[in-house]
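Worksheet for the structure shown next.
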Amino acid sequence: MRRQTPSILGAHWDDTSFSMVALHTQRPQIKVLAWDREPVAPGDIIDGVIQNPKAIQRHLQRFIHNHRLNVERMAFALPLQATRLTVLELSNEQRVHASEVIREQLEHCKPFGRARVMNDHVLYELEQGWRALNAMAPQPGSDIALDIACYCIGHLDRLSPMLWPILEGLKESLSSEERSLLLTLNEQAASLSVLQGHRLLFNQSLNLSLTSLLQGETSAQALATMVTPVLNYAQSMQNGALTLRVTSAGRYEDLRDVTLKIRHALKDVQVKTLGAVQWSKPLALTGEGLKHCPLPPLAAAWELARTDRLKPGLHLVSPYRLQEVRTTRQISLTSKIAVALILLIGLLTVPLQWKLQAVQAGYNSLTEQIDHSSPIATEIKKLNQALEETQKNIDSYQQIYQGLKQINWPALITDVVQRLPQNTRLAEIWSTPDGQLILTGQTLEEKRIHEFSQDLASSPHFDNAVVDEVSANPQQKAVMDFRLTINLHLIERIQL
């Protein structure tokens with residue numbers, strides 16, 4: 001059987017298709033393992049928001065199963081129609097309270113009607129002041145995407161607009177002072193961006209799409225009319241000819257055809273195709289079929305592969321919803337551990353019962369033949385000792401079995417999760433037969449683990465907590481691995 005390959009998975013969806021790309025990190029290169037684009041049934045996705053989560057889960061699970069992937073990290077790239085990007089200028093004083101300032105400036109902006117909005121931002125330092133790139137998405141769509149990822153692999157590392165990782169990849173190919181344009185096309189939406197280097201200066205949604213351009217519903221004159229205001233704005237800041245790069249989430253052949261139409265419509269602009277090959281050329285990306293690989297999921301997986309696991313970025317997930325999902329997973333895991341332990345204790349008592357019955361049968365046989373001779377009396381004494389020792393073992397396991405059934409495992413694990421400090425995550429948790437919990441995980445600060453240990457010692461569920469080990473992660477220099485041992489009050493109750 002072929003071994004599963006550790007991979008990073010990127011995914012992107014539109015109203016008619018769902019695309020996935022799997023990458024494998026081989027420092028210093030990143031290799032494309034597999035990719036696929038599958039059609040979705042009408043109504044499964046509407047306006048970029050998933051309406052049928054089970055159908056999308058099946059797409060993901062089929063892709064993971066067919067290519068035998070061991071997905072370690074996952075990133076979703078949201079479609080254009082499900083996100084909004086805005087650029088805000090901030091002073092040095094406003095930068096300290098950037099989140100509050102951005103919230104105030106966008107207070108009356110309701111891009112998705114009455115739906116609650118998730119937003120996140122990144123800051124860029126300028127010569128004077130700061131620039132904030134803010135992203136917004138409807139929370140219902142964000143929650144559905146998080147649930148799908150957690151159902152398939154247990155977590156979601158990044159949920160960002162499809163434009164964000166594409167811009168991050170352009171950092172290697174565009175000079176920091178170059179002004180250019182980027183036309184991004186979905187099957188049902190489009191946006192035109194003005195860039196300085198790889199950083200976004202302005203973003204405008206357009207009333208066109210990849211489908212309308214391919215089917216001729218949008219004429220060359222209509223296209224020129226739509227983009228002229230943005231072109232004039234970009235030309236006012238740039239001396240010389242402008243470059244317009246065209247990218248999409250669709251097939252490469254469609255992107256090439258659309259680029260030719262745009263080139264004929266816009267005579268004063270240098271129009272170029274930005275497919276997966278052109279985008280990844282300056283990057284350490286290899287793999288077969290890269291030419292036809294869908295760019296949005298590729299860029300999302302690449303952006304996740306090159307960054308640290310705990311590095312901040314555009315992540316449009318509710319922290320409360322994320323904590324709820326993590327707590328639910330921990331409780332579910334704890335329940336499974338408890339059931340497994342109870343079954344294990346039950347299985348251990350069965351051989352002891354058989355042994356006791358065998359000893360009892362031998363004892364009865366000897367008592368029938370006893371003639372008070374020395375060899376038989378010695379054998380009876382040995383059998384009596386074995387009988388007593390076996391009975392003690394059975395009683396001990398029965399006490400453990402009864403004690404484990406009385407433990408409120410969900411409350412115990414919930415207590416551990418709620419005391420978990422910031423910048424710290426749990427990787428594994430398990431119980432030992434002598435009444436201890438072993439915790440392993442990762443953190444950015446060693447002192448957090450010692451504070452965590454002291455906090456656990458004050459819990460009504462534990463006697464004490466000991467830090468066994470804190471060591472640097474061999475793959476991620478900024479991250480440290482840790483191991484904690486916690487003694488349960490169970491020891492006092494069942495006297496292991």
Side-chain angles (χ1 to χ4, degrees), residues 1-25 30-46 48-79 82 137 140-160 162 165 187 249-251 287-289 292-305 309 315-317 321-322 324-333 335-336 427-428:
M1 181 179 292
R2 191 158 54 95
R3 294 180 59 188
Q4 291 186 332
T5 306
S7 59
I8 297 174
L9 181 60
H12 170 77
W13 58 88
D14 210 329
D15 287 6
T16 59
S17 64
F18 187 79
S19 53
M20 300 147 285
V21 174
L23 303 181
H24 178 56
T25 303
I30 301 174
K31 181 181 180 181
V32 177
L33 289 176
W35 66 269
D36 198 2
R37 181 188 292 109
E38 298 183 355
V40 298
D44 285 354
I45 302 174
I46 299 176
V49 177
I50 297 172
Q51 307 295 326
N52 187 354
K54 291 185 178 180
I56 304 305
Q57 289 170 8
R58 288 193 292 269
H59 285 293
L60 270 174
Q61 291 175 318
R62 183 165 54 246
F63 180 74
I64 294 171
H65 173 76
N66 290 344
H67 298 283
R68 295 198 56 78
L69 302 175
N70 175 21
V71 181
E72 296 179 338
R73 305 174 71 187
M74 180 182 286
F76 283 166
L78 292 169
S142 169
D143 291 346
I144 292 173
L146 176 62
D147 291 341
I148 291 172
C150 290
Y151 180 86
C152 292
I153 70 164
H155 58 88
L156 178 61
D157 297 274
R158 187 80 84 223
L159 180 67
S160 62
M162 62 175 284
E187 294 179 10
R251 300 186 312 130
E288 297 181 2
H292 299 279
C293 184
L295 180 55
L298 173 66
W302 170 86
E303 193 262 340
L304 194 61
R309 188 180 293 269
H315 192 33
L316 299 173
V317 170
R321 178 63 176 161
L322 188 59
E324 179 183 340
V325 171
R326 288 173 176 171
T327 302
T328 302
R329 287 185 61 232
Q330 293 290 352
I331 293 175
S332 175
L333 177 62
S335 301
K336 292 178 181 178
E428 293 181 335

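This chain uses plain numbering: 1 for the first residue, then up along the sequence.
Atom CD1 of Ile148 and atom CG of Asn52 lie 8.5 Å apart (nearest 0.5 Å). Atoms OG and CG, from Ser7 and Leu33 in turn, are 6.0 Å apart once rounded to the nearest 0.5 Å. Between the CG atom in Leu23 and the CG atom in Leu298 there is a gap of 6.0 Å [rounded to 0.5 Å]. With values rounded to the nearest 0.5 angstrom, Leu304 atom CG is found 9.0 Å from Thr25 atom OG1. Here the straight-line distance linking atom CZ of Arg37 with atom OG of Ser17 works out to 6.5 Å at 0.5 Å rounding.
Ring pair Phe63/His59: centre-to-centre distance not below 6.0 Å.
With a 4.5 Å cut-off on side-chain heavy atoms, Ile64 and Ile153 count as touching. In this structure the side chain of Glu38 reaches within 4.5 angstrom of the side chain of Arg62, judged on heavy atoms. Between Ile56 and Lys54 the shortest side-chain heavy-atom distance does not fall below 4.5 Å. Within the 4.5 Å cutoff, the side chain of Leu9 has heavy atoms near those of the Met20 side chain. Contact annotation: the side chain of Asp36 never approaches that of Ser19 to less than 4.5 Å [non-hydrogen atoms, C-beta and beyond].
When atom types are taken as modelled, the side chain of His12 and the backbone of Pro297 share no donor-acceptor pair closer than 3.5 angstrom. Counting only distance, with no hydrogens or angles, the side chain of Arg73 and the backbone of Asp157 share no donor-acceptor pair below 3.5 Å. At least one donor-acceptor pair closer than 3.5 Å links the side chain of His315 to the backbone N or O of Leu159.
Other residues, nucleotides and ligands place more than 12 heavy atoms under 6.0 Å from the CD atom of Gln51.
In terms of heavy-atom proximity, Val49 sits nearest to Gly141 at CG1-CA, 3.9 Å. Nearest heavy atoms, Pro165 versus Ser160: CD-OG, 4.0 Å. When every heavy atom of Ser142 is checked against every heavy atom of Leu316, the shortest pair comes out as OG-O, 2.5 Å. In this structure, Trp35 and Glu288 approach most closely via the heavy-atom pair NE1-O, 4.5 Å. For Ala301 against Ile8, the heavy-atom pair with the smallest separation is O-CG2, 3.7 Å. Between Pro296 and Ala77 the shortest heavy-atom distance is O-CB, 4.0 Å.
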Query raised in the report: Does the side chain to side chain contact (heavy atoms under 4.5 Å, CB included) test come out yes or no for Phe18 and Leu60, once each step is laid out?
Result: CA-CA 9 Å; Phe18 187 79; Leu60 270 174; 4.0 Å; yes

Query raised in the report: Would Cys293 and Val21 count as a side chain to side chain contact (heavy atoms under 4.5 Å, CB included) if you check the C-alpha gap in whole Å, the side-chain angles of each, and the deciding distance to 0.1 Å?
Result: CA-CA 8 Å; Cys293 184; Val21 174; 3.5 Å; yes

**Report entry** Test side chain to side chain contact (heavy atoms under 4.5 Å, CB included) applied to Met74 and Arg158, step by step
**Finding:** CA-CA 7 Å; Met74 180 182 286; Arg158 187 80 84 223; over 6 Å; no

Report task. Begin with the C-alpha distance, continue with both residues' side-chain angles, and end with the deciding distance and a verdict on side chain to side chain contact (heavy atoms under 4.5 Å, CB included) for Asp44 and Ile50. Result -> CA-CA 6 Å; Asp44 285 354; Ile50 297 172; over 6 Å; no

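The aromatic rings of Trp13 and Phe76 sit perpendicular to each other, their planes meeting at more than 60°, with 30° as the lower class boundary.
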